[in-house]
Each structure stands twice: as C-alpha cells, then as structure tokens.
Amino acid sequence: MEEFENLDGLLAATLRKSGIAPVKTIEKSECNKTNGLASSREIVSVTFEDGSKLNFFLKVQQSGSQAEHFDETLQIFQREAKMYTDIIPMLAKYQEDTGKDVQFPVKEMFPKFYGAGFVQKDFYLVFEDIITDTARLVTAKDQFHSNDQV
C-alpha cells in the first residue's frame, strides 16, 4: 500500500488513478469524528481544476489505536480494501459477462471505491460520499430515508 506525506497527496494520487480531473482544492468537513475503537471517518469536499466538485467519505484506521493492534492479526482494513479493489469489480464483471438480468447489480450495491493508502501511518479508504449534499439520512445501520419519510 502506498504511503503519502499528507491527505492532499493521497487524494490527488488516488483520484488521478481513477481518471478524474486534477485536484484544485480540498476542504475537510467539520463533522469528522471517531467511531468507537475500530475507525474514524472524515468527509472531504474536493474542487477540481475544471470547476467540478465531489464529496468523499474517508474511513480511517488511526495509527496507535486499539483497532490497529487487532488489525495486525485480523487485517480487517486490508481485507476491506481487497474487497473493493478486486472482489466487487470481479463480481460486477461476472454479472455483465453473463448477461443475466439481476435484481441487485453488484456495482450498485456499494459506494464507489477510489483507493487506499497511508498518511503518516494512518490507513485511509477513499469512497464516494453517498449522503452529503443529498436529502438522505442514515436512520439505521442498513436504512436511508428522506426527511419526509422520517
């Protein structure tokens, strides 16, 4: 896994590999916080040189955390990166190649994964942000609703 001096470097390299326009600015959200022992999350807004803007959800395993010690044995973050990098694209290709009409296309079941890397020993997974700037709220571990539905 590649190492970067800072978050800007990780995002610029990861997004460049995805074929996205060059990064102009990166703005961290105020809502960044730790989620228990396992990881923390960050929301960043990236403005590109072409003027477009995207939000990203970053899942972070912090260096020195209790989760990092568990992960030395369990390799949960490495497995998650492998799942998004190799397994989900392989399953999606299989669905496309077989040409079967499936009720749940694999590539639509998960947020888009852009890549992973280390920033000062913290391990980052970079995903599309499917909640920010939408009318959706996470109301349970497996449910999303609009304000009207809540």
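Nearest approach of D71 to Q78, heavy atoms of both residues: OD2-N, 4.5 Å. Of all heavy-atom pairs between A81 and L125, the closest is CB-CD2, 3.9 Å. The shortest heavy-atom contact between D122 and S63 is OD1-N, 2.6 Å. Minimum interatomic distance between G9 and N6 (heavy atoms only, all atoms of both residues): N-OD1, 2.7 Å. Contact record, S45 with K53: OG-CE, 2.6 Å, taken as the closest heavy-atom pair. Among all heavy-atom pairs drawn from A12 and V23, the shortest one is CA-CG2, 4.0 Å.
Classification of K121 and E68 as a salt-bridged pair fails, no side-chain N sitting under 4.0 Å from a carboxylate O.
Residue V119 forms a side-chain contact (heavy atoms from CB on, under 4.5 Å) with just one option from L11, L10, L58, and that option is L10. None of F113, F127, Y114, Y124 except one satisfies the ring pair (Phe, Tyr, Trp, His ring centres under 6.0 Å) rule with F56; the exception is Y114.
At a threshold of 4.5 Å between side-chain heavy atoms, the hydrophobic network of Ile, Leu, Val, Met, Phe, Trp and Tyr places Y94 and I87 in two separate groups. With hydrophobic clusters built from ILVMFWY side chains whose heavy atoms lie under 4.5 angstrom apart, I88 does not share a cluster with M90.
You'll find the side chain of E80 stays beyond 4.5 Å of the side chain of Q61, heavy atoms only. The side-chain heavy atoms of F48 and L54, taken from C-beta on, include a pair separated by under 4.5 Å. At least one side-chain heavy atom of E42 sits under 4.5 Å from a side-chain heavy atom of L7.
Taking the six-membered ring where the residue is Trp, F123 and F77 present tilted rings, their angle falling between 30° and 60°.
For the atom pair CD1 of I20 and OG1 of T14, the computed distance is 10.0 Å after rounding to the nearest 0.5 Å. Remark: E108 CD to Q95 CD distance equals 9.0 Å, nearest 0.5 Å.
Remark: E27 CD is loosely packed, at most 12 non-hydrogen atoms of other residues, nucleotides or ligands lying under 6.0 Å away. By the neighbour-count criterion of 12 heavy atoms within 6.0 Å, atom CD of E49 is densely surrounded, having more than that number from other residues, nucleotides or ligands.
The main-chain N or O of K82 is never found under 3.5 Å from a side-chain atom of T85 such that the two would form a donor-acceptor pair.
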